[in-house]
Amino acid sequence: MQRVVIVTGANSGIGLALCERLLTEDSQLRLCLACRNTQRAEAARSALLTSHTNAHVDLLHLDVGSVQSVFTAAQEVKARYSRIDFLYLNAGIMPNPQVDVKAFFKGLFSRNVINMFATAEGLLTQQDRLNSDGLQEVFATNLFGHFLLIRELEPLLCQAGHTSRIVWTSSSNARRSAFSIEDMQHRNGTEPYSSSKYASDTLSLALNRHKNNQGLFSAVICPGLVMTNLTYGILPSFFWTLIMPIMWLHWLFLQKSESLDPRAKYHSLTSGLGTNYTQPRKMDIDDEMSEVLYSKLLDLERVVRGEANEGNAANKLINST
Ligand SMILES: NC(=O)C1=CN([C@@H]2O[C@H](COP(=O)(O)OP(=O)(O)OC[C@H]3O[C@@H](n4cnc5c(N)ncnc54)[C@H](OP(=O)(O)O)[C@@H]3O)[C@@H](O)[C@H]2O)C=CC1
Ligand SMILES: CC(C)CCC[C@@H](C)[C@H]1CC[C@H]2C3=C(CC[C@]12C)[C@@]1(C)CCC(=O)[C@@H](C)[C@@H]1CC3
């Protein structure tokens with residue numbers, strides 16, 4: 001049977017590379033590129049069709065950072081497909097990133113140096129802002145929009161006798177200490193990216209707990225360091241070329257299909273001999289917090305649904321979460 005796969009943020013970087021790979025693995029796929037920018041999405045579709053001439057590649061307009069766009073896109077998906085086999089939640093942003101150069105040089109001569117290169121711990125801050133729904137933009141894009149999308153698509157994802165998978169593109173930058181359940185949108189901190197990625201790890205656990213019995217399974221992957229628009233937004237490309245000899249240890253990907261552990265994040269790594277492999281590592285998450293996050297996201301969902309029906313008023317949202 002033709003498998004239906006949806007990829008958010010599919011028009012560039014990891015999302016586009018993933019689509020290439022998926023079509024190489026299974027040319028019969030029904031692949032749907034869920035993107036916010038129609039022009040870039042069409043360019044990505046053309047590029048994919050150049051290398052896979054007979055592929056079925058659909059486009060879907062989706063701004064995952066906008067509640068209304070998620071609702072509209074989900075309606076469209078439900079009209080087009082009768083089920084979803086894979087939903088890759090890959091779209092992500094890291095706005096206005098700043099690298100703390102002083103912390104870098106300090107870290108370079110500390111015992112934490114390997115970890116620093118792998119996770120950017122203590123090095124990266126961002127400037128977040130409120131979006132037009134009154135939500136923090138990084139939270140809305142990297143986490144909440146995807147959560148709403150899952151909720152809207154549950155009829156297609158949770159079907160009797162059928163297994164569907166969700167795959168989150170997380171990050172080694174996800175850190176427990178950057179996330180607070182009292183401030184899940186990260187209004188008061190300077191590491192919204194790390195917080196949102198930690199929240200997606202935690203949410204994945206809760207989704208497994210609530211949805212496995214309905215045939216829906218969630219997994220978290222961690223692509224390592226990949227040269228994309230996101231990384232070029234952090235530092236210019238010549239810099240990356242300069243530090244490449246050091247960074248090659250944290251290089252790209254190989255995913256094997258295996259039975260996935262809901263508490264593990266699947267890291268893409270490269271051995272000293274240049275072989276790519278995937279390694280599951282236990283995530284620093286706990287059941288209780290994942291449950292609280294899940295129910296807080298459901299509360300927020302109720303609020304935005306109320307807002308969407310009334311068609312307005314960001315302020316209520318700001319005050320209620
Ligand atoms: N590059 C890296 O080293 C790492 C990346 N990641 C994660 O990988 C994922 C992909 O990022 P990457 O490929 O690196 O970066 P890119 O910037 O190349 O890709 C990000 C994609 O997400 C899309 N996107 C952003 N905001 C929205 C939105 N509101 N609605 C819909 N689509 C949106 C972008 O679309 P548009 O073109 O319109 O901006 C783009 O297609 C992210 O989740 C990132 O956090 C994780 C670890 C490391
Ligand atoms: C002299 C320079 C100012 C310092 C460069 C330090 C590098 C070790 C970091 C700079 C950007 C970092 C980074 C990541 C890891 C550490 C750095 C390469 C990530 C790969 C961490 C995981 C992610 O999600 C990526 C988006 C990060 C990209 C930036």
Side-chain angles (χ1 to χ4, degrees), residues 6-19 33-44 60-67 69-70 73 88-95 97-108 112-126 131-133 135 137-146 148-149 167-175 178 191-194 196-198 200-201 220-236 239-240 242-244 246-253 265 267-268:
I6 301 178
V7 181
T8 71
N11 61 261
S12 68
I14 293 168
L16 182 55
L18 167 69
C19 291
L33 316 184
C35 307
R36 64 176 165 181
N37 182 306
T38 312
Q39 247 182 339
R40 284 199 283 259
E42 274 164 7
L60 174 74
H61 185 262
L62 168 66
D63 179 347
V64 82
S66 151
V67 168
S69 172
V70 172
Y88 285 91
L89 302 175
N90 167 77
I93 53 166
M94 185 194 271
Q98 300 287 326
V99 179
D100 186 337
V101 182
K102 223 168 123 190
F104 170 73
F105 284 107
K106 219 171 141 197
L108 206 54
N112 200 34
V113 59
I114 303 276
N115 188 45
M116 179 182 84
F117 274 105
T119 68
E121 182 174 345
L123 286 186
L124 279 179
T125 57
Q126 304 90 38
N131 69 10
S132 54
D133 292 316
L135 300 168
E137 193 178 22
V138 176
F139 165 84
T141 308
N142 297 2
L143 184 83
F144 188 61
H146 285 135
L148 272 188
L149 186 64
V167 183
W168 296 84
T169 310
S170 182
S171 165
S172 58
N173 191 241
R175 227 176 53 254
E191 296 181 89
Y193 181 81
S194 179
S196 69
K197 293 295 176 181
Y198 181 81
S200 67
D201 297 354
V220 178
I221 63 108
C222 178
L225 173 63
V226 189
M227 292 306 117
T228 64
N229 294 337
L230 189 141
T231 31
Y232 292 137
I234 301 170
L235 292 161
F239 170 86
W240 293 109
L242 277 180
I243 67 159
M244 202 53 78
I246 313 173
M247 295 312 301
W248 72 282
L249 275 175
H250 300 295
W251 204 238
L252 197 64
F253 71 85
K265 185 184 282 193
H267 287 252
S268 302

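Counting starts at 1 for both ligands and their atoms, following the listed order.
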Would you check whether Ser171 has a nitrogen or oxygen atom less than 3.5 angstrom from a nitrogen or oxygen atom of ligand 2? yes

Looking only at non-hydrogen atoms, find the nearest pair between [X] and [Y] and report the distance.
| X | Y | answer |
| --- | --- | --- |
| Trp240 | Leu235 | NE1-O, 2.9 Å |
| Ile14 | Asn90 | CG2-OD1, 3.8 Å |
| Ala44 | Leu33 | CB-CD1, 4.1 Å |
| Gly65 | Asn131 | O-ND2, 3.0 Å |

For the residue pair Asp63 and Ser69, confirm or rule out a side-chain donor-acceptor distance under 3.5 Å. no

Hey, are His146 and Ser200 close enough side-chain-wise for a donor-acceptor pair under 3.5 Å? no

Kindly write out the residues that satisfy side chain to side chain contact (heavy atoms under 4.5 Å, CB included) with Ala174, not counting sequence neighbours, or none if the list is empty. Ser170, Lys197, Tyr198, Asp201, Lys265

Contacts of Ser12 that satisfy side chain to side chain contact (heavy atoms under 4.5 Å, CB included) - sequence neighbours left out: Asn229

Evaluate side-chain contact (heavy atoms from CB on, under 4.5 Å) for Leu62 paired with Leu149, printing each intermediate quantity in order. CA-CA 10 Å; Leu62 168 66; Leu149 186 64; 4.1 Å; yes

Pick one of side chain, backbone, both or neither for how Phe104 approaches ligand 2, counting any non-hydrogen atom pair under 4.0 Å. side chain

Using a strict cut-off of 4.0 Å, indicate which atoms of ligand 2 neighbour a heavy atom of [X].
| X | result |
| --- | --- |
| Val99 | 3 (C) |
| Met94 | 26 (C) |
| Ser172 | 21 (C), 22 (C) |
| Ile234 | 28 (C), 29 (C) |
| Ala120 | 12 (C), 13 (C), 14 (C), 15 (C), 16 (C) |
| Tyr193 | 24 (O), 26 (C) |
| Leu230 | 26 (C) |
| Trp240 | 11 (C), 18 (C) |

side-chain hydrogen bond (donor to acceptor under 3.5 Å, both in side chains) partners of Asn11, counting only residues at least two apart: none

With a 4.5 Å heavy-atom cut-off, do Thr119 and Arg175 have their side chains touching? no

Listing by chain and number, which residues have a heavy atom under 4.0 Å from ligand 1? Gly9, Asn11, Ser12, Gly13, Ile14, Arg36, Asn37, Arg40, Leu62, Asp63, Val64, Gly65, Asn90, Ala91, Gly92, Ile93, Thr141, Thr169, Ser170, Ser171, Tyr193, Lys197, Pro223, Gly224, Leu225, Val226, Thr228, Asn229, Leu230, Thr231

Any Phe105 heavy atom less than 4.0 Å to ligand 2: no

Which option wins on minimum heavy-atom distance to atom 7 (C) of ligand 2: Asn115, Leu123, Asp100? Leu123

Would you call the rings of Phe117 and Phe104 parallel, tilted or perpendicular, where under 30° means parallel and over 60° means perpendicular? perpendicular

